[in-house]
Structure formats: C-alpha cells, structure tokens
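These notes are about the structure you will find just below.
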Amino acid sequence: MKRIIFILFAFIITFSSSCNKWLDVKPENEQISDSYWSNKEEVEAVLGAAYVKMQQSVQLMLVWGEARGNGLSLGGFINNDLQRFKSFDVIPSNSFVKWSNFYSIINYANMVIRYAPEVVAKDPSFNEATMRSYLSEAYYLRALAYFYIVRNFKDAPLILEPYMDDQTSFEIATSTSAQIFTQIISDLQQSIGSSKEFWPTVWETKGRVTKWAVYATLADVYLWTEQYDLAIEACDKVLNSGRVGLIQGKVNTKNNWFTIFSPGNSNEGIFEIQFDFTKNQTNSLVSWFGSSYNWIISPLMVARFQQNPDDIRGLGASYSGVDFKVWKYLGSEGGTTIPRQNSDQNWILYRMADIYLMKAEAYVMKGAGHYQEALDLVSAVRARAGITQPLSIASNQLEMLNIVLNEKALEFIGEGKRWYDLLRVGKRNNYEYKDYLIEQVLLGTAGGSSPIIRSKLLNNNSHYLPIHIDELKSNRLLVQNPYYDSLN
C-alpha cells in the first residue's frame, strides 16, 4: 500500500436545506491527525470525503464492470490502456488497474469508525444516535469499496485501521477473497442497525447510505458467496420497504423509464452517486459516451433489443440509432434527439430492477421448483419495458440463468454490471459454468481476437486484474496475481 499523507480536502455537510448538497462548502485543507477529531463537523468532513472519492471512482466502476463484458464496444477515441483492457491484454502498469481510490474510501471510513465515538465526549452537539448513523455509513462505504476490490483483484490487503501519515508503514500481505467477503458481510450487517430508512431530502435519500442500500448490497454479496436464501431475504427487505418501487415504464406517450437517468433520483433509485452542475459537481459520462466517444452499445445488444421492437429501453433510450451511442447518458429524455445540457448524471449503483433480477437469480439457484418464481420476476421487469412476448420456463439451470442475465444485460446497459454478472455465474460451483462465461465474452469481441481471448480466459487467474506495479514497489509483501507475474 502506498505511504500517503492524507490531506483533508473535504466538505462541511449541510443537512438543513434541501437546496444544498452536503458536499458544497470546502474548508481549508488540513492534514488528518489524532488531534483533528474534536467536533461533529470534522467527522462529517471526513465522511463527506469518502463520498467525494466515490464520485472520483465512477470511471473505474464503469471500466471494471463493463469493459470485459459484452454489452459495450469501443468507440472512436480510445487510449491504449483502455484498448488493452477491453482485449484482455492488461499489464501491471495499466492505469485502469489502480485500486488506490477504493483504498482511500476505505481509509476515510476507517477513520470515522476509529475516531467518531471519541468525539461524542468532546462535542455536546454530537449525540450518540447521530454518531451511530455516521458509523453506519462508514461501515457501508468500507464494505462497498472492498466489494469492488475483491471482485476485480480477488485477493487484496484487508485494512481495518486508519493510516494517518507517511510515517506509517503499510507493508501488508494480501488476505484471501473468502476473508474479504466475510469482512464485507460483517460490515454490512454492522451498518444495518443504525442505518436510516430515509433522509430529509431526496438527494440524500438516494445519495447517502440507507437501510435499503445496505440490503441491496447484501443481496448482491450473498449471490457472490452462494448464499441464496439470504439473498432472497435481503431482496425482500427492499421489496417490502414501501420506500422504493419499480416505476412505470410508459406514461401516456412518455418513456417514463428514461427518468431513472434524466433527471435521476427516481422512486426506483436505491443508491446513486450524486452529481449537480450547479454545485460544480460534474462527471465525464458525456465525454466517455459522447464527445470523446470511448464507448458505444455492442452489436450483440443492439440485436437483442431488435428482437423486441416494443422494448422502450432500446432504440432512442439505451442507445441512438445513427451512431449507437449510449443515449441514457447523453439525452435529456428518451425518444428525442435533445442532448443533456450538462454532464451531471448520477451514477446508479442500485435500483429496484436490480432487486427483482437478483432475487430471480437466487431462485434459479435454489432449483427447478423455484423456476416459475424466477420467471415471474423477470417477466415483471420485461412488462415494465413494454414487452408482451411471454417467456417459458427453461429445461435446466444454465438456460434459466441465461434468461435472467439476458434481461439484466438489456436493463442495465453501461451501468457497470455486465462483467460481474458473467463472472459470478461462470465461477459458481467451482467454475461449473466457465464455458458460459467464455462464450458470452466472445460474443462481444471482434472475430479475429476470439481465439486469443478464449485461450486467456481458460486460465481462471486471468479473470482478475493484476496488482499495479506501483503498489508492488511500495508494498513488498504483495504477491502478484500469478497470471501476470511474468509481466511485471
């Protein structure tokens, strides 16, 4: 782990006004130290810094979750590192294999967990209930950051204490993926008790940790750890919450599904990383999908949308018909050619359609006796999209999983999920469905490169990223993923 002086470039949180986001007002930079923790505002600032680091991590969330899948293809202006990432030709110096952003989130969370309880005795305005609410957010953010790390690197250092300055030695060996998943589940469970069902404003309810974000993430983690009853139970907590719901797909002639993305923060949203142009909080989604043109929808997904012309998520919504750009991030509304004025779209981590389809996947894994329940959930998402063609129960588990994952692929184009879905299913039951993973990836690759990519994917270690060479230099206890060891 890099030895870093952590500079507090954080934010005073404004809870009282729905017009102000809590990431707006910046105090002067200040090094975080033991003497820093004296009042509530300082706790809020560090917690706010973790959310800001999440804003800065959206590109990695996109690349890690989509580049190796089959939902997106490369567009016009592509740098070499992105090209190599997409073609499974990653080396340890690739700029997209840096995990430092997520360890920064972890460190900010560790600081809050370590020091916030001490502030209660120092600041009368910082009561126990508020402190526990902040701890709930910190535990969740730490779990979420580790969830990204473990899905992409498998084994990684498990750090549960803050490191405050460059005098701290952080040469630490990796923990196994099983150990990291155990910690993730523990943190999420720790988060639930004091998590809020809602916040005073809409943007906070969608953009800060709530009980429903915790349960949604737990359901996802339980799918990865093959605990299907617990995944269903977590999904049911969200489904029965009364706080979020699957919004209507079409209202009169309006494509209401598109409001999930523009303006965002819909009733369907569970957890969205917030951006607001009026507060100087922007992202590069318009650049990545529009002007710089890194990503377009893949021909495979265009063909799948064309199988159901009534699907309101297809042409004019998920993608534009002329250049196949991903319109959900570029347009002001579906079915028009009016672009967004500003690049301040929220990045959606979880929404209600996730819950329906994660629960469907868990039902499939419970056996043939639950296939109808799974199909009903998939059919509900399809019906919302305007698809009238009915589905039939498949004859085996893999075919049923393919039904679920195909629906997820269409519903969540470009939302950072496709590679994870393929990897999770492919590696399940000790890589029982490895051939499915490889076949699906190859459907999204150019024909000439398919044999090379197939040969790479036969090695299970290639499914994970290399540790960046800078990390290996600064932490001598790290051991490179053996697939990339000769490339250091």
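When reading the values below, keep in mind they use all heavy atoms of this one structure, side chains included, and skip hydrogens, waters and symmetry mates.
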Any donor-acceptor pair under 3.5 Å from Y146 side chain to I159 backbone:
yes
Do you know which of R243, K237, K211 makes salt bridge (charged side-chain N to carboxylate O under 4.0 Å, His left out) with E197?
R243
Does any N or O in the side chain of E268 come within less than 3.5 Å of the main-chain N or O of I247, such that one atom is a donor and the other an acceptor?
yes
Using side-chain hydrogen bond (donor to acceptor under 3.5 Å, both in side chains), reason through Q306 and D311 one step at a time and then give a plain yes or no.
CA-CA 8 Å; Q306 290 174 342; D311 192 336; over 6 Å; no
Within the 4.5 Å heavy-atom criterion, are L239 and K359 side-chain neighbours or not?
yes
Would you say that V97 contacts P92 through its side chain, given a criterion of any heavy-atom pair below 4.5 Å between the two side chains?
no
Quick check for you: to the nearest 0.5 Å, what is the distance between D323 atom CG and I297 atom CD1?
11.5 Å
S177 (side chain) donor-acceptor with D155 (main chain) under 3.5 angstrom:
no
Report yes or no: does Y103 contribute a side-chain atom to a donor-acceptor pair with the main-chain N or O of P157 at less than 3.5 Å?
yes
Answer whether the closest heavy-atom distance between the side chains of N70 and L422 falls below 4.5 Å.
yes
To the nearest 0.5 Å, tell me how far Q190 CD sits from I185 CD1.
14.0 Å
For I413 and G71, which heavy atoms make the closest approach, and how far apart are they?
CD1-O, 4.0 Å
Please check if the side chain of T225 supplies one atom and the backbone of V221 the other of a donor-acceptor pair under 3.5 Å.
yes
Below 6.0 angstrom between ring centroids: does that apply to Y350 and F271?
no
Side-chain donor-acceptor pair under 3.5 Å between N94 and R84, yes or no?
no
Chi angles and distances behind the side chain to side chain contact (heavy atoms under 4.5 Å, CB included) call for V52, Y108:
CA-CA 11 Å; V52 172; Y108 286 129; over 6 Å; no
Check Y420, F102, W99 against N152 for a side-chain contact (heavy atoms from CB on, under 4.5 Å) and give me the one that passes.
Y420
Which distance, rounded to the nearest 0.5 Å, do you find between the CZ of R208 and the OG of S136?
10.0 Å
Out of the candidates R304, R382, K417, R384, only one should pair with E407 under the salt bridge (charged side-chain N to carboxylate O under 4.0 Å, His left out) rule; please name it.
R382
Determine yes or no for a side-chain-to-main-chain donor-acceptor pair under 3.5 angstrom, with S298 supplying the side chain and M301 the backbone.
yes
Between S87 and D89: side-chain donor-acceptor atoms closer than 3.5 Å:
no
W64 side chain to F96 backbone, donor-acceptor under 3.5 Å:
yes
Drop me the distance from T130's OG1 to K40's NZ, to the nearest 0.5 angstrom.
5.5 Å
In sequence, state the C-alpha distance, the side-chain angles, and the governing distance for R313 and K328, and then conclude on side chain to side chain contact (heavy atoms under 4.5 Å, CB included).
CA-CA 9 Å; R313 303 167 303 184; K328 71 196 319 184; over 6 Å; no
Working for side chain to side chain contact (heavy atoms under 4.5 Å, CB included), residues Y215 and L188:
CA-CA 8 Å; Y215 279 123; L188 292 173; over 6 Å; no
Is there a donor in the side chain of T201 and an acceptor in the side chain of W203, or the other way round, less than 3.5 Å apart?
yes
Side-chain donor-acceptor contact under 3.5 Å, T282 with D344
no
Can you find a side-chain donor-acceptor pair between E44 and Y134 that sits under 3.5 Å?
yes
Rounded distance (nearest 0.5 Å) linking atom CG of N256 with atom CG of N252
10.0 Å
Between Q56 and N101 the two heavy atoms that sit nearest each other are O-ND2, 3.2 Å
For side chain to side chain contact (heavy atoms under 4.5 Å, CB included), just list the numbers for V43 and E118, CA-CA rounded to whole Å, side-chain angles, deciding distance to a tenth of an Å, and then say yes or no.
CA-CA 10 Å; V43 178; E118 298 178 3; over 6 Å; no
Just wondering, do W257 and S318 contact through their side chains at under 4.5 Å, heavy atoms?
yes
Between M111 and P162, which heavy-atom pair has the shortest distance, and what is it?
CG-CB, 3.6 Å
Flag the pair K408 and E415 as a salt bridge only when some basic side-chain nitrogen lies within less than 4.0 angstrom of an acidic carboxylate oxygen.
no
When the ring centroid of F261 is compared with that of W347, is the distance short of 6.0 Å?
no
If you compare all heavy atoms of W199 against all heavy atoms of S133, which two are closest, and at what distance to 0.1 Å?
CH2-OG, 3.8 Å
Keeping S191 on the side-chain end and D187 on the backbone end, is there a donor-acceptor pair under 3.5 Å?
no
Taking the side chain from D354 and the backbone from A216, do they hold a donor-acceptor pair closer than 3.5 Å?
no
Less than 4.5 Å apart, any side-chain heavy atom of I105 and any of S57?
yes
Heavy-atom distance under 4.5 Å between the side chains of K206 and V244, does that happen here?
yes
Any heavy-atom pair between the side chains of Y139 and V209 that's under 4.5 Å?
no
Taking the side chain as every heavy atom from C-beta outward, state whether F324 and V302 have any pair of such atoms under 4.5 Å apart.
yes
Check: S195/Y140 side-chain N/O donor and acceptor closer than 3.5 Å
no
Of all heavy-atom pairs linking V425 and E361, the shortest is CG2-OE2, 4.0 Å
Hydrogens and angles aside, do R418 and Q440 bring a side-chain donor and acceptor to less than 3.5 Å of each other?
yes
State whether R351 and E411 are salt-bridged, where the test is any N-O pair (Lys NZ or Arg NE/NH1/NH2 against Asp/Glu carboxylate O) under 4.0 Å.
yes
Can you name the nearest heavy-atom pair linking L223 to A231, along with the distance?
CD2-CB, 4.1 Å
Is the closest side-chain donor-acceptor distance between N107 and S104 under 3.5 Å?
no
Distance check, rounded to the nearest 0.5 Å: L218 atom CG versus F147 atom CZ?
10.0 Å
What I want to check is whether the side chains of S125 and D123 have a donor and an acceptor closer together than 3.5 Å.
yes
Are there more than 12 heavy atoms of other residues, nucleotides or ligands under 6.0 Å from atom CZ of F198?
no
Main-chain N/O of T259 paired with S262 side-chain donor or acceptor, under 3.5 Å:
no
